[in-house]
Number of protein chains: 2
Amino acid sequence: MNPSSANVAERRLAPPSLAISTVIFALRPSEKSGRPTLWLPLVRRIREPYKDMWALPGGPLAHDESLQDAASRNLRETTGLTPHYLEQLYAFGGLHRSPTQRVVSIVYWALVQPTEAALADESENVRWFRADRVDELAFDHKAIVEYALWRLRNKMAYGSIAYHLLGEYFTLAQVREVYEAVLDRQLDPANFRRHIKATPEIEETGEYLQGGKHRPPRLYRFTGTPGLGPDNRSTP
Amino acid sequence: MNPSSANVAERRLAPPSLAISTVIFALRPSEKSGRPTLWLPLVRRIREPYKDMWALPGGPLAHDESLQDAASRNLRETTGLTPHYLEQLYAFGGLHRSPTQRVVSIVYWALVQPTEAALADESENVRWFRADRVDELAFDHKAIVEYALWRLRNKMAYGSIAYHLLGEYFTLAQVREVYEAVLDRQLDPANFRRHIKATPEIEETGEYLQGGKHRPPRLYRFTGTPGLGPDNRSTP
DNA sequence: CCAAAAGTGTTCTTATTACACCCATGC
DNA sequence: GCATGGGTGTAATAAGAACACTTTTGG
């Protein structure tokens with residue numbers, strides 16, 4: 001049996017390997033307008049296949065960690081960040097995702113706060129990209145990012161998720177900017193503020209944001225629960 | 001190294017094994033009222049762990065089949081059915097789901113038509129249960145069934161999914177019965193029919209259902225697409 | 001004719017949208 | 001005082017719930 005047929009046999013017989021990857025979203029100011037836009041960190045592959053291409057942070061699942069812990073860990077390892085929101089996205093298991101072996105990837109998606117995101121590690125092999133402008137990535141990661149973005153938009157339109165992209169205190173205009181950045185359309189400020197104020201998880205504080213050029217806006221706080229999904233006992 | 005420490009070492013070092021399971025829903029007439037209710041087939045375990053307990057149909061992932069194909073296969077193997085709707089539910093990967101080894105299960109959920117479900121294989125080791133009355137199952141399968149049921153209810157409230165539990169032709173009252181069975185509450189017939197007729201995927205036929213005791217209701221047809229999820233290029 | 005489900009109309013309530021307007025601050 | 005974003009009011013429209021009413025069948 002020569003080496004190449006050994007590889008073929010190995011591939012046929014070995015069980016599919018299991019990996020965890022994470023799509024990490026954070027707000028950063030756009031270079032041009034300065035308005036907040038969605039970004040995500042990618043890592044450069046240093047090995048074949050897809051050597052030198054950008055890919056989602058990820059890696060194998062350790063024997064003694066849960067799926068979510070693994071996602072949390074590779075988020076911390078690549079960016080130094082801890083997520084304020086972390087949820088399973090999907091398990092991708094197509095036969096030809098990787099040219100060298102069969103890989104099943106369980107992908108999570110995360111939201112991190114902008115104050116943290118600004119401090120995130122960046123290096124030769126870790127760089128942030130605009131979420132709506134990713135070019136070709138390794139494996140099927142471009143499709144995964146697009147799906148994660150679709151899911152984020154969907155959740156934002158229904159659930160109370162935007163707050164996980166903001167700090168503890170925020171103005172209603174900041175919440176609106178998050179919606180506008182993610183959904184990519186303008187929203188009526190008057191109606192939007194009423195809409196948000198109607199959600200019970202939003203609490204008015206006595207504080208105001210000082211230092212702006214105009215009337216100081218009131219600061220609010222989010223009192224809802226981050227957790228979702230069957231593992232966290234709630235609603236995906 | 002004695003056998004028991006060998007097992008421990010094996011468990012620590014072996015990668016988590018990967019399995020596919022499926023929650024299969026179908027409508028069947030209730031024994032009492034005769035009204036349609038939700039049922040699902042379970043299989044009896046013939047080996048440890050959880051020997052003799054009921055469990056979701058499932059098994060390992062073959063090296064040359066996609067995740068969805070595997071789900072479709074174990075659906076066919078246990079019940080003889082082909083699903084009219086099949087979608088990924090969630091990947092369960094808790095550390096202690098199985099007492100003997102670490103198992104990550106990628107779970108799908110399916111809807112099958114009642115005409116088929118009536119013919120489904122049933123045997124000593126395959127039996128149908130009412131979906132809202134499952135008792136203790138093997139592993140974490142009870143929680144999985146409850147989560148699948150939650151997801152079905154959620155999708156039914158928003159999307160066009162009820163039709164996959166019905167045959168090709170159906171009356172609006174039958175659609176309403178599906179909603180009432182799944183959501184477990186009465187719906188106003190007048191408002192419900194308007195709501196359904198407003199969906200563009202519902203097509204009126206010239207046919208009427210004959211043989212009833214009263215005025216023959218018109219038959220309708222569903223013209224929408226079943227597919228969802230990133231693998232099928234659409235919307236979960 | 002009567003019972004019962006099929007199917008239509010009408011009213012009331014509530015959410016969404018568009019947009020006019022007032023308020024408070026820095027400059 | 002004036003420009004600007006913060007914040008409130010209001011009228012028009014759309015969507016949903018409640019329920020009275022007409023139609024068509026089998027018996």
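Proteins get letters first, then strands, A, B, ... in listed order; numbering begins at 1 in each. Please read these numbers as outputs of a predicted model, since none were measured by experiment.
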List in chain and number order the residues that pass salt bridge (charged side-chain N to carboxylate O under 4.0 Å, His left out) with [X], two or more places apart in sequence or in another chain; answer none if no residue qualifies.
{"X": "Glu204(B)", "value": "Lys197(B), Arg218(B)"}
{"X": "Arg194(B)", "value": "none"}
{"X": "Arg130(A)", "value": "Asp132(A)"}
{"X": "Asp184(B)", "value": "none"}

Open item on the list: What is the first contacted nucleotide of DNA chain D and what is the last, in 5' to 3' order, if contact means an atom lying under 4.0 angstrom from a heavy atom of chain A?
Closed with: dT4(D) to dT10(D)
Which residues within [range] lie with some heavy atom under 4.0 Å of an atom in DNA chain D?
{"range": "residues 169-178 of chain A", "value": "Ala173(A), Arg176(A)"}
{"range": "residues 187-203 of chain B", "value": "Asp188(B), Ala190(B), Asn191(B), Arg194(B)"}
{"range": "residues 205-214 of chain B", "value": "Gly212(B), Lys213(B), His214(B)"}

- [ ] Tell me, please, which residues at least two apart from Thr82(B) pass side-chain contact (heavy atoms from CB on, under 4.5 Å).
- [x] Glu116(B)
Task: Pairing residues for Ala173(B) by the side-chain contact (heavy atoms from CB on, under 4.5 Å) criterion, not counting sequence neighbours - done: Thr171(B), Arg176(B)
Open item on the list: Consider ring-ring contact (aromatic ring centres under 6.0 Å, His included). Of Phe222(A), Tyr163(A), Tyr220(A), which one does Phe170(A) pass it with?
Closed with: Tyr163(A)
- [ ] Verify the neighbour count for atom CD of Glu122(A): are there more than 12 heavy atoms of other residues, nucleotides or ligands below 6.0 Å?
- [x] yes
Open item on the list: Applying ring-ring contact (aromatic ring centres under 6.0 Å, His included), can you list everything that pairs with Phe92(B), at least two apart in sequence or on another chain?
Closed with: Tyr90(B)
Open item on the list: At 10 degrees resolution, what angle do the end axes of the helix from dC1(C)-dG27(D) to dC27(C)-dG1(D) form when each is taken over five base pairs?
Closed with: 10°
Open item on the list: Keeping Thr22(A) on the side-chain end and Ile24(A) on the backbone end, is there a donor-acceptor pair under 3.5 Å?
Closed with: no
- [ ] Applying side-chain contact (heavy atoms from CB on, under 4.5 Å) between Tyr147(A) and each of Asp140(A), Leu89(A), Leu152(A), report the one that passes.
- [x] Leu89(A)
TODO: Please report the closest heavy-atom contact between Ala131(B) and Leu149(B), naming both atoms and the distance.
DONE: O-CD2, 3.8 Å
TODO: Please name the pair of heavy atoms, one in Leu95(A) and one in Ser66(B), separated by the smallest distance, quoted to 0.1 Å.
DONE: CD1-N, 3.2 Å
Task: Point-to-point distance, once rounded to the nearest 0.5 Å, from CD of Glu177(B) to CZ of Arg35(B) - done: 6.0 Å
Task: Ion pair Lys142(B)/Glu136(B), N-O distance below 4.0 Å - done: yes
